[in-house]
Amino acid sequence: MSSSIPFRSFNRPIPDISIAQTDDGSWIVKSNIPLGEYLTNIGTYFRRAAAEYPERPFLVQCRPEGDWPELTYQRLQDEADQVSSYLLANGYGPEKSIMIMSGNSFSHAILKVAALQVGVPVTACSPSYSLMGPDFSKLQYALELTEPGLIFAEAGDAYAAALGSLDLAELEVVTVT
């Protein structure tokens, strides 16, 4: 039995590339098509999608019991706008970034979109740096390297040991639980 999958045209140009090998053996692949105009802030793309598909799920949390909560584009935009306002009012920006210690979650997504739409850099560290103690040297290195103003950890109790290993005197720490 064969099925027909409809083709959706994205108005993409026919690929046109150049390939060159350098003296050290590496390859450079370059598009010969000029980039053209583009938006400079990823938040603009998100806001466009939220306006077009407000009730469409942006994220769905899969649970074994079958109840799968959804974070819609509209809810994400509303909550991200509130967090963006907080970040701007508290001096976050290109020189005052955010570090996220925990894994994927709705809160993680809201904070990341909020930061990106107002130009606040975000460092998402692997949760293993925070949960596989007692050596938190990789987390400490990431903190020293990025010098964030805020650290986000979804569950304060799960990340307590990692947070306790860091000098948090100058940092704002945010947890959901």
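Between the CG atom in Leu143 and the CG atom in Leu171 there is a gap of 6.0 Å [rounded to 0.5 Å]. With rounding to the nearest 0.5 angstrom, the CG atom of Leu76 is 9.0 Å from the CG atom of Asp81. Within the model, atoms CD1 of Ile100 and OG of Ser126 stand 13.0 Å from one another, a figure rounded to the nearest 0.5 Å. With rounding to the nearest 0.5 angstrom, the CH2 atom of Trp27 is 4.0 Å from the CD atom of Gln21. If you take CG on Leu88 and OG on Ser84, they are separated by 6.5 Å, rounding to the nearest 0.5 Å. Atom CD of Glu70 and atom CD of Gln61 lie 11.5 Å apart (nearest 0.5 Å).
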Please determine whether side-chain hydrogen bond (donor to acceptor under 3.5 Å, both in side chains) holds for the pair Gln74 and Asp78, giving the CA-CA distance in whole Å, both sets of side-chain angles, and the decisive distance to 0.1 Å. CA-CA 6 Å; Gln74 185 64 57; Asp78 293 345; 2.9 Å; yes
Checking Val118 against Asn41 for the side chain to side chain contact (heavy atoms under 4.5 Å, CB included) test, could you report, in this order, the C-alpha distance in whole Å, the side-chain angles of both residues, the deciding distance, and whether it holds? CA-CA 8 Å; Val118 293; Asn41 185 312; over 6 Å; no
Go through Gln77 and Phe46 one step at a time and tell me if the side chain to side chain contact (heavy atoms under 4.5 Å, CB included) criterion holds. CA-CA 8 Å; Gln77 180 180 327; Phe46 166 75; 3.8 Å; yes
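Remark: Glu144 engages Gln140 in a side-chain hydrogen bond (donor to acceptor under 3.5 Å, both in side chains) (not counting sequence neighbours). Here Tyr141 pairs with Leu145 under the side-chain contact (heavy atoms from CB on, under 4.5 Å) rule; sequence neighbours left out. Under the side-chain contact (heavy atoms from CB on, under 4.5 Å) criterion, Ala80 pairs with Val113, Ala114, Gln117, not counting sequence neighbours. Residues passing the side-chain contact (heavy atoms from CB on, under 4.5 Å) test with Ile42 are Leu116, sequence neighbours excluded. With sequence neighbours excluded, the residues satisfying side-chain contact (heavy atoms from CB on, under 4.5 Å) with Asn32 are Asp16, Ser18. Remark: Thr22 engages Asp24, Ser26 in a side-chain hydrogen bond (donor to acceptor under 3.5 Å, both in side chains) (not counting sequence neighbours).
In the hydrophobic clustering of ILVMFWY residues, with side-chain heavy atoms under 4.5 Å counting as a link, Val176 and Ile98 come out together. Linking Ile, Leu, Val, Met, Phe, Trp and Tyr residues whenever their side-chain heavy atoms come within less than 4.5 Å places Leu39 and Leu35 in a single cluster. A continuous path of hydrophobic side-chain contacts links Leu168 to Tyr129 [ILVMFWY only; heavy atoms under 4.5 Å]. Hydrophobic clustering, with ILVMFWY side chains joined whenever heavy atoms are under 4.5 angstrom apart, keeps Ile110 apart from Val173.
When all heavy atoms of Phe152 and Leu150 are compared, the closest pair comes out as N-CD2, 3.9 Å. Between Leu139 and Cys125, the closest heavy-atom pair is CD1-SG, 4.4 Å. A pairwise comparison of heavy atoms in Ala162 and Ser165 identifies O-OG, 2.7 Å as the closest pair. Contact record, Lys112 with Ala124: NZ-CB, 3.9 Å, taken as the closest heavy-atom pair. Here the closest heavy-atom approach between residue Thr146 and residue Ser97 is recorded as O-OG, 3.6 Å. Across Glu154 and Ser102, no two heavy atoms sit closer than the pair N-OG, 2.9 Å.
No side-chain heavy atom of Leu111 sits less than 4.5 Å from a side-chain heavy atom of Val122. Between Leu59 and Phe106, some side-chain heavy-atom pair lies under the 4.5 Å cut-off. Ile151 has its side chain out of reach of Val174: every pair of non-hydrogen atoms, C-beta onward, lies at least 4.5 Å apart.
At distances below 3.5 Å, not a single donor-acceptor pair connects side-chain atoms of Tyr159 with backbone N or O atoms of Ser130.
Taking the six-membered ring where the residue is Trp, Phe58 and Tyr73 present perpendicular rings, their angle passing 60° and hence far from 30°.
Salt-bridge annotation for Arg48 and Glu52: absent, with no side-chain N of the basic residue lying under 4.0 Å from a carboxylate O of the acidic one.
Surrounding CD of Glu65 are more than 12 heavy atoms belonging to other residues, nucleotides or ligands, all under 6.0 Å away.
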